[in-house]
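Counting convention: from 1, in listed order, for ligands and their atoms alike.
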Amino acid sequence: MAKQQTMYITTPIYYPNDIPHVGHAYTTLAADILARWHTLQGKDVFFLTGTDEHGKKLQEAAQKAGKQPKAFIDTIVPEFKEAWKKLNIHYDRFIRTTDADHEAVVQKILTKVHKKGDIYLGSYEGLYCTGCEAYYTEKDAPEKKCPTHKRPLEQLKEPTYFFKLSSYQKKILDHYKKHPEFIQPANRAQEIINRVEEGLQDLSISRTSFKWGIPLPFDTKHVTYVWFDALLNYYSATETKGKEKYWPADVHFIGKDILWFHAVYWPAILLSAGLPLPTTIFAHGWWTIHNEKMGKSAGNALKVDQLISYAGVDSARYFLFRNGVFGEDGDFSEQFLKERHNNELANKLGNLVSRVSTLAETHGLTKTKPLPTNKVIAQYTQELESYQFDKALTTLFTFIDSLNELIQSKKPWETKDTKVLYQVADGLKTVAILLSPFMPETTEKIAHTFHFELTKKQLASPLEVDTIKKSPILFQKIDMASKPVQQTKKEEKGKQNNSPERTNDTKKIKKQEQAKGGKIAYDDFSKVELKVGLIKDVKPHPNADKLYVLTVDLGEEKTRTIVAGLRNHYQPEHLKGKKAIFVANLAPVTLRGIESDGMILAAVNDDDSHVVILQPEQDLPQGSKIR
Ligand code: MSP
């Protein structure tokens, strides 16, 4: 049997000094999409992500939090893992640079490179940015301010070991020439080539001014420069048994901010260590907000939960890659995301699936010659495998348009033409399989409705005819006028289940209220369900200074998340463990990106300066009703 082809894909390892945001999610999703695609193609895929845990930046962040570095980082790492889980990202290993196996490999490589004569002792003086963990020359930072973080640079001087980067200039340039695919996209490559041609200075690779790092094996007073340590993660993850086959990596996905480290330092380190170089380093653009890079330092980072709250996971995954060119910057807009969700996902794909499955339920499908899909498949494959995600999605949606047009022109609801229904259903099979790396949950539902599997084999074989049942709604449309997404979804769900239509109830109450001069009918008030709830946890709202996010036990199977404006009035420890009264049957609302499923009752004085929560006078079990 032929050996299974391997595919090794990586993301940068992220600094765990803050919880993950859309920028981090973007790179990790790109890797997930590509990994899913190559798995679908039958390849043996290894997808690596993780965290970059050493260095001055992390040491300072831990100090600020009053913790030891490792203990501090241990509280952030689960946030990354949780975010990737929520986004349906399936990595094969989450590497941490504090993992023992990684530290051992870094020391091994340092010893090797040192023995080779590529490391020597000197001293370094320069302008340092802790945010980037890098020195800048006056040329790159003429005002002595970091070009990325816009903060003043620090003048640092320390004894340091240097890596002879300068002696790799020619070899690196030769490699670029021989392997034009090494730096992508091509327009970014030229800038790097020009800079390398100007000459390379040796790289300071050790620090003595702080301790949080991997000690140099040949001089333990020094810790390893964080980038020398971090870059090696890509290789060290393949040094374990069974993983050796994956080196060299096929593609390192990174953001454009760290291209220099990857396109210059990284090949030089590998060349010095006598290791083969990766095939491609692909640097994508930045997500900006109002044209400023999204990130912790700018204070404008959009957190993963918020991203998901707009229209769900699959729509977020779709939007990030549909809305712009992967190699270029893009300005993030909630409105664009919702528009694409409505216009492309709900109106084009969702409606098509709903229409065809409903007609097929009534009339059935008759097997016939499928529509030709080879061209679409070939084009989509070429675009995806060359990292043109937006183009691949356009190709697919052009095909979806053609399926919609076919249905529209053939009118099978009038003609009862079950052959054309079959052709469109078969086309939807192609769509779902190709789209599955981007939208795993939605495409799983399509596959379930039309009875096929999301596999390469099924891509090549015609759809088998089976009894079809109407598909559940794939994308709830978002009311662009005002309502938060989650609320819209729940209301729609309520309608389908014939449960009370809450908005209409509220409207009715308001009308009657006006009619009665501000008073509401007894019956109307009795609709409000008040209950005793136990506050199990209290967290500050990540996007609002006045709000807490409460975890509340209302005696139900699951706890609820309830957002409350109590931050100016209570310390978390004065709320945690308390029982209070809650409105239990409010339609959920999204408050600054977090869905709130209920409301805590509080009494407020005239000028709002005093807010006190209402509590039962005696202890009652959570879930007790208030009448
Ligand atoms: N720890 C280094 C990387 C070491 S890799 C051997 C680092 N970490 S980071 O936490 O700052 O993450 C950087 C990466 O996150 C960027 O390269 C990019 O992939 C992603 N992004 C962070 N902010 C971003 C945007 N605003 N937009 C798009 N991606 C960005 O640098």
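The salt bridge (Lys or Arg N to Asp or Glu O under 4.0 Å) search around Asp18 returns none, not counting sequence neighbours. Thr27 meets the side-chain hydrogen bond (donor to acceptor under 3.5 Å, both in side chains) test with His284; sequence neighbours excluded. By the side-chain hydrogen bond (donor to acceptor under 3.5 Å, both in side chains) test, Asn194 pairs with Gln190, sequence neighbours left out.
The salt bridge (Lys or Arg N to Asp or Glu O under 4.0 Å) test with Arg96 singles out one residue from Asp229, Asp74, Asp52, and that residue is Asp74.
By the 30° and 60° cut-offs, the orientation of the rings of His252 relative to Trp247 is tilted.
Annotation: ligand 1 has protein neighbours Pro12, Ile13, Tyr14, Tyr15, His21, Gly23, His24, Thr27, Asp52, Trp227, Ala230, Leu231, Asn233, Tyr234, Ile254, Gly255, Asp257, Ile258, His262, His284, Gly285, Trp286, Trp287, Lys293, Met294, each with a heavy atom less than 4.0 angstrom from the ligand.
Between Tyr265 and Phe163, the ring center distance fails the sub-6.0 Å criterion.
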